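Below is one structure, written out as C-alpha cells, with a few remarks after it.
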Protein chains: 2
Amino acid sequence: MSASPSPFRSAKQREADRQAKKQALLEAAVRMFNTRGYHATSLDDVAASLGVSKPTIYHYLGNKENVLSECLRIGLKQLLQAASDARATSGNAAQRLHRFLVGYAKVNLSEFGRCVIRTPDEALGAENLESLLTLKRRVHAAMCDFLKEGMSDGSIAPCDANLMAFTLAGALNWPARWYDPDAGHDPYKTVDAMVENLATGFLPR
Amino acid sequence: MSASPSPFRSAKQREADRQAKKQALLEAAVRMFNTRGYHATSLDDVAASLGVSKPTIYHYLGNKENVLSECLRIGLKQLLQAASDARATSGNAAQRLHRFLVGYAKVNLSEFGRCVIRTPDEALGAENLESLLTLKRRVHAAMCDFLKEGMSDGSIAPCDANLMAFTLAGALNWPARWYDPDAGHDPYKTVDAMVENLATGFLPR
DNA sequence: AATGCTATATACTCACCAGTAAAACAACAA
DNA sequence: TTGTTGTTTTACTGGTGAGTATATAGCATT
C-alpha cells in the first residue's frame, strides 16, 4: 500500500497509472457534461480543469464522443450492478424490487448515473448508440423481471410490467434533473420516500 | 371564415399573417430541437425546413435563445392550462388530480411539452431562465395544491406533497424521452395506465 | 549510446454556425 | 410617381471548438 521505494515503476504500476489518469479524465469530463451539457462542454475546458492540454485527452480516449460513451457505459454498469445486488438479497420479489429501486435512484444521483439520464440518445452516433441501448434495455429488462416475479409470488399487484417499469424508472430518473447535491438534503431519505410513494400510490389504502 | 375576396389585406389580416408565420417558425424549430437537441440544431436548418433563409427567423424572433424560450413558454402555458382545466372539474381532489395528471402527460407528448422536458436549464441564459423557472414552479405548485387539497378531503394518502409531486411529474415526464409517437401505440391508453400505476402503487391492495 | 515507446505540449487547420450588414423586393400610402 | 414601412435575400464576419501535425522530454530495452 505504501509508495514503492524505488523511483522506477514496474510495468504493472505504469499500467495502473495509466488507468488512474484515464479515470480522472472521465470524472472531470462527466462533471462538466452534467453541469454544462455535452455539446456545451469543450474538451479544452475539460483538459484545463485537470491542468493538462487537449491532446492528452485524445491520447487516452480517442475522441469526444468516445469520452461520453465511456461515461455512459460506467453509469449503466453501475445500474446493472444495483440490479444484481438486489437480486441476491433475501425476501419476496417486492422487497428485492424495493432494494433495487433505492440502489437505482442512488446511482442516478452519482455523476456517471446522472450523465446516463441527462444525455439524450441523439448526442451519440449510430454505432455507440446501439451498444448503449443494449445496456439500457438490459436495465429495463431487469426491472421488468422483478415485477413479473412479484406478480407470481403475489407480492406485487397485477400490472403491465413494461409500463410499470417505465413509470418507476421515470420517477426515479427525474431527480437527476432537479436534485442539488450541495443543497444539504439527505439523498438517502429523499430516495426512500420516493420509492415509498411509488410502492403505495397516492390514493389512501 | 372564407378567404377575403379582395387581394388587399387589412391591417388585422396582416397582423394575423405575421403571427401565423411566427407560429410556423416556432413549430419547425421545436420539432428540430426535439429530434436533434437545441445545440445540435442550426437556425439555418430550421429556416431551410420552411424554405426560407435564416435572417427571416431573426426578423421574427430575434435570436436563437429567444426561439427556444418562446417554445418553452408555450409548453409551460399548456401545462398551466391543463392544471386550471382540471381544477374546474367536479369530484374530489384525487379525481381532479387524476385529470390533471392525464392532461399533464398529454402535453408532455406534444412537441412544445416535450421541449420543456427535454431542454435542460443550462441551455438558457440567466434572464430567460429566471422567468421560465417561475413558470415551472407554478406548475409544480399546482400539483402540490391538488395533493394538499386531497389530504384535507381524505381522497389522497398523507405524504410529503412536494416530494410526491416530483415523483408524479418525473414519471409522467419520462415518456417525453422514450415515447415514439409514430410507433402506433395509443398515447391515451399508455398515459392512463401510467397514472393508474401512480395512483395505486405497485404493492397489492 | 542508440533506438524506440509513452506521454505531453504547442500550434495549427478546418468546419460550422450565430449573428449582421446591406441591398432587393413587396405592399401600401401620399 | 415617390416615399415609407415591412419582409426577405445574399453575402459576409467572427468566434468557437473538434481534431491533427509535429516537436519534445522521459523512460525502457538493447
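The shown structure was predicted, so the numbers you read here are calculated from the model rather than taken from an experiment. When reading the values below, keep in mind they use all heavy atoms of this one structure, side chains included, and skip hydrogens, waters and symmetry mates.
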Just to confirm, is there a sub-4.0 Å distance from OP1 or OP2 of C/dT6 to any side-chain nitrogen or oxygen of A/R18?
no
In this structure, how many angstroms lie between the P atom of C/dC16 and the OH atom of B/Y38, rounded?
19 Å
Between A/K64 (side chain only) and A/T41 (backbone N and O only), is there a donor and an acceptor less than 3.5 Å apart?
yes
Students often mix this up, so state it plainly: with edges at 30° and 60°, are the rings of A/F166 and B/W178 parallel, tilted or perpendicular?
parallel
Parallel, tilted or perpendicular: ring planes of B/F100 versus B/F146, cut at 30 and 60 degrees:
parallel
Taken to the nearest whole Å, CD1/A/I57 to C1'/D/dG19 is 12 Å
Would you mind reading off the distance between A/L43 atom CG and D/dT16 atom P, rounded to a whole angstrom?
16 Å
Could you tell me how far apart B/H39 (NE2) and C/dA15 (P) are, to the nearest whole angstrom?
23 Å
Roughly, in whole Å, what's the span from CD in B/Q19 to C1' in D/dT7?
15 Å
Donor-acceptor check, side chain of B/N34 to backbone of B/E111, threshold 3.5 angstrom: yes or no?
yes
Starting from C1' on D/dT8, measure out to CG on B/L61 and report it in whole angstrom.
15 Å
Verify the contact: side-chain N or O of A/H59 to OP1 or OP2 of C/dA7, cut-off strictly under 4.0 Å; return yes or no.
yes
Just the rounded figure in Å: distance from C1' of D/dT16 to NZ of A/K64.
11 Å
Is it true that A/N162 and A/H140 share a donor-acceptor pair across their side chains at a distance under 3.5 Å?
yes
At less than 4.0 Å, is any side-chain N or O atom of A/Y58 found next to OP1 or OP2 of C/dT8? Yes or no.
no
Could you tell me whether A/K21 contacts a base, only the sugar-phosphate backbone, or nothing, with contacts defined as non-hydrogen atoms closer than 4.0 Å?
sugar-phosphate
DNA chain D: A/E65 or B/P55, which has the more 5' nearest nucleotide?
B/P55
Is B/K54 side chain donor-acceptor paired with the C/dA18 base, going by distance under 3.5 Å alone?
yes
Which part of the nucleic acid, if any, lies within reach of A/S42 when heavy atoms closer than 4.0 Å are counted: base, sugar-phosphate only, or nothing?
sugar-phosphate
Could you state the atom-to-atom distance from CG of B/D44 to P of C/dA18 in whole Å?
7 Å
Over all strands shown, is B/S53 touching base, sugar-phosphate only, or nothing at heavy-atom distances under 4.0 angstrom?
base
